[in-house]
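In what follows, a structure is listed as structure tokens, so that the remarks can point back to it.
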Amino acid sequence: MDIQALRHQQMMRAKEIIRTDDFEVMPPRLIAGADVGFEQGGDVTRAAIVILEYPSLKPVEFKLARIATQMPYIPGFLSFRETPALLQAWSQLELKPNLLYVDGHGISHPRRLGIASHFGLLVDTPTIGVAKKRLCGEYMPLDAGPDACQPLHHKDEQIGWVWRSKARCNPLFISAGHRISHDTALQWVKNVMAGYRLPEPTRWADAIASRRPAFLRWQQDNRITGL
DNA sequence: GCGACAG
DNA sequence: ATCTTGTCGC
């Protein structure tokens with residue numbers, strides 16, 4: 001694989017990212033979370049996308065895709081590794097969300113094309129990047145308390161937010177993905193929190209992609225009750 | 001040259 | 001990311 005070519009592709013596609021609010025529906029009626037996991041020592045990539053209703057935050061559909069892993073993990077090039085599986089899960093969905101939360105960075109990326117931005121561009125849908133670690137940029141130390149927030153900067157521009165979503169937890173790195181502004185991205189993460197460190201769409205997608213026991217139990221229960 | 005480095 | 005038990009703190 002040619003990293004130089006991928007870097008060039010990122011720089012070109014980053015120019016297509018829309019950083020202003022562009023919701024088809026405001027507020028969105030359907031939101032979604034996307035996450036990727038791995039099996040068998042990394043040979044198999046597993047992508048989950050889950051659709052939730054807003055504002056109830058109840059899941060109404062989910063799809064899981066499994067494909068052979070395409071590429072190794074290289075910081076800054078995550079989307080080339082995870083996007084193929086995500087696209088497959090996306091294509092199987094019967095419902096399409098008005099807003100999608102992606103596990104990883106959006107424009108808070110060295111070339112402004114993290115996985116949330118790249119995937120948002122591919123499926124032409126508003127996206128928000130929700131990452132658990134910094135990839136690039138600098139920020140002022142956060143207050144100890146909950147709800148502490150600082151802008152994330154890189155090369156003299158704001159690329160996102162560092163926000164403590166829950167007391168005594170490490171902060172989240174929130175950034176615009178595609179077709180959304182900084183402020184709206186942060187606002188819509190706050191709008192879908194339910195008392196945990198991660199927003200609900202991300203939490204559900206993670207539970208599905210990683211086969212969490214809590215999700216397997218939920219799935220059993222709802223087959224019986226018919227959801 | 002050295003350190004940093006989403007998932 | 002994934003492999004995994006107990007443990008500390010609210």
Side-chain angles (χ1 to χ4, degrees), chain A residues 1 3 6-7 9-10 13-14 17 33-50 64-89 100-122 127-139 144-147 152-155 159-178 185 189 195-199 201-216:
Chain A
M1 102 203 88
I3 293 297
L6 296 184
R7 177 180 282 106
Q9 188 178 332
Q10 287 180 332
R13 303 230 63 177
I17 296 299
D35 190 23
V36 172
F38 296 88
E39 299 174 15
Q40 300 168 11
D43 293 342
V44 175
T45 301
R46 194 168 51 202
I49 299 182
V50 55
L64 189 62
R66 291 175 75 254
I67 66 169
T69 300
Q70 311 274 308
M71 234 188 74
Y73 167 64
I74 303 169
F77 299 88
L78 180 67
S79 66
F80 296 105
R81 172 173 165 87
E82 302 196 339
T83 275
L86 284 174
L87 281 174
Q88 180 155 320
L100 175 66
Y101 297 71
V102 180
D103 186 2
H105 289 275
I107 63 171
S108 46
H109 174 277
R111 291 165 294 282
R112 308 294 180 262
L113 197 79
I115 186 167
S117 299
H118 200 162
F119 190 65
L121 199 55
L122 292 176
T127 55
I128 297 174
V130 180
K132 295 178 282 298
K133 293 178 179 176
R134 185 193 72 107
L135 174 59
C136 69
E138 308 79 40
Y139 59 99
D147 210 42
L152 179 64
H153 291 97
H154 182 55
K155 295 189 172 180
I159 56 175
W161 301 98
V162 187
W163 174 53
R164 194 186 310 284
S165 55
K166 185 173 191 235
R168 299 175 307 280
C169 285
N170 292 324
L172 261 27
F173 295 79
I174 310 297
S175 59
H178 183 42
V189 171
Y196 300 94
R197 182 191 178 214
L198 295 174
T202 307
R203 236 167 55 81
W204 275 102
D206 179 73
I208 296 168
S210 302
R211 297 211 187 299
R212 307 281 184 221
F215 164 71
L216 296 175

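Bear in mind the structure is a predicted one, so any value in this text is a computation, not a measurement.
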(Q) Let's see if you can work this out: which of B:dG7, B:dC5, C:dT2 has an atom nearest to the side-chain heavy atoms of A:K132? (A) B:dG7

Q: Round to a whole Å and report the spacing from NE2 of A:H154 to P of B:dC5.
A: 13 Å

Q) Between B:dA6 and A:S79, is there an OP1 or OP2 to side-chain N/O distance shorter than 4.0 Å? A) no

Q: Would you mind classifying the nucleic acid contact of A:S210 as base, sugar-phosphate or nothing, using non-hydrogen atoms under 4.0 angstrom?
A: sugar-phosphate

Q.
Without decimals, in angstroms, what is the distance between A:L152 CG and B:dA6 P?
A. 13 Å

**Q.** Distance in angstrom units between A:L198 CG and B:dA6 C1', rounded
**A.** 14 Å

Q: Report the distance from atom CG of A:L6 to atom P of B:dA6, rounded to the nearest whole Å.
A: 17 Å

Q: Would you kindly give the CZ-to-P distance between A:F80 and B:dA6, to the nearest whole Å?
A: 17 Å

Q) Backbone N or O of A:T69 within a donor-acceptor pair of the A:R81 side chain at under 3.5 Å? A) no

Q: Quickly work out the A:L172 CG to B:dG7 C1' distance and round it to whole Å.
A: 14 Å

Q) From the list B:dA6, C:dT2, B:dC5, which nucleotide is the closest neighbour of the side chain of A:R134? A) B:dC5

Q: Send over the distance from A:R46 CZ to C:dA1 P, rounded to a whole Å.
A: 13 Å

Q: Measure centre to centre between the rings of A:Y73 and A:F38, then say whether the value is under 6.0 Å.
A: no

Q. Taking CG from A:L135 and C1' from B:dG3, how many angstroms apart are they, rounded to a whole number?
A. 15 Å

All N/O pairs under 3.5 Å across the protein-nucleotides 4-10 of chain C interface:
none

